[in-house]
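Structure first, then comments.
Excluded from the calculations below are hydrogen atoms, water molecules and symmetry mates; all remaining heavy atoms, backbone and side chain alike, are included.
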Amino acid sequence: MSTPVYGPGADDPDSGDGGSDLPETLQRFASSPTGFILGAILSPLLRGLNNIVVTFLDLITFVFQGSSPGLVGTLGLVDIPLFIGTELIEIGATIGGSSVEGTGLLGIVSTVIDAGTAFASIGGPLAPIILAGEVVVVVYVFAFVTERIVLVIADAVPGLAGILGT
């Protein structure tokens with residue numbers, strides 16, 4: 001007669017554990033200790049390495065793109081040209097102004113030309129000569145200011161002053 005077998009797998013003689021009542025983790029360790037140790041050690045290490053790489057890539061993206069597109073939130077490197085362009089346009093609008101509204105440089109030029117035209121209109125027969133003199137003065141001032149602006153820009157851009165011969 002055979003002795004009865006008690007425990008897990010007693011009813012099924014084809015079960016893979018052979019009647020062993022060890023937990024699954026210990027059975028995996030017993031079947032392949034090297035694979036178990038590598039899996040137990042490498043799995044958290046690789047997960048941690050993955051988290052470090054993803055965090056580093058997010059940081060690089062944040063440095064270049066900022067927190068959001070455009071000039072909202074924290075600015076990134078790609079927002080610098082947009083920021084500079086916006087500021088230059090605002091500065092140019094403030095300096096240039098509007099001849100219709102009489103603000104800025106264009107407002108001053110418009111006021112001076114209107115004054116010269118008003119003076120020429122009361123000049124009688126000398127009005128054409130006064131207007132011609134006014135045109136000469138305006139063109140000379142425009143050329144002088146334009147030359148100065150070009151020289152300032154040439155000095156600000158490295159190497160451009162040498163090319164222009166200033």
Residues 75-88, side-chain donor-acceptor partners within the protein, below 3.5 Å, at least two apart:
| residue | atom | partner | partner atom | Å |
| --- | --- | --- | --- | --- |
| D79 | OD2 | G76 | N | 3.0 |
| T86 | OG1 | L82 | O | 2.8 |

Give the table of side-chain donor-acceptor pairs shorter than 3.5 Å for residues 117-133, with sequence neighbours excluded, one pair per line with atom names and distance.
| residue | atom | partner | partner atom | Å |
| --- | --- | --- | --- | --- |
| T117 | OG1 | I113 | O | 2.8 |
| S121 | OG | A118 | O | 2.7 |

Exercise for review: Could you tell me which residues satisfy side chain to side chain donor-acceptor pair (under 3.5 Å) with R47, sequence neighbours excluded, listed by chain and number?
Suggested key: S43

Point to revise | From L151, V150, I149, residue fulfilling side-chain contact (heavy atoms from CB on, under 4.5 Å) relative to E147 | key: L151

Review point. Any chain of hydrophobic side-chain contacts (each under 4.5 Å) joining F56 to F64?
Key: yes

Check your understanding: Heavy atoms, side chains only, cut-off 4.5 Å: are V54 and D58 in contact?
Key -> yes

**Study point:** Separation of N50 CG from T55 OG1 (nearest 0.5 Å)
**Key:** 9.0 Å

**Study point:** Between CD1 on residue I52 and CG on residue L45, distance to nearest 0.5 Å
**Key:** 9.5 Å

Point to revise | Residues clustering with F62 (ILVMFWY side chains joined when closer than 4.5 Å, directly or via others) | key: none

**Study point:** Which residues share a side chain to side chain contact (heavy atoms under 4.5 Å, CB included) with V141, sequence neighbours left out
**Key:** V137, V145

Practice item. Would you mind listing the cluster partners of I89? Hydrophobic ones only (ILVMFWY), side-chain contacts under 4.5 Å, chaining allowed. Key: none

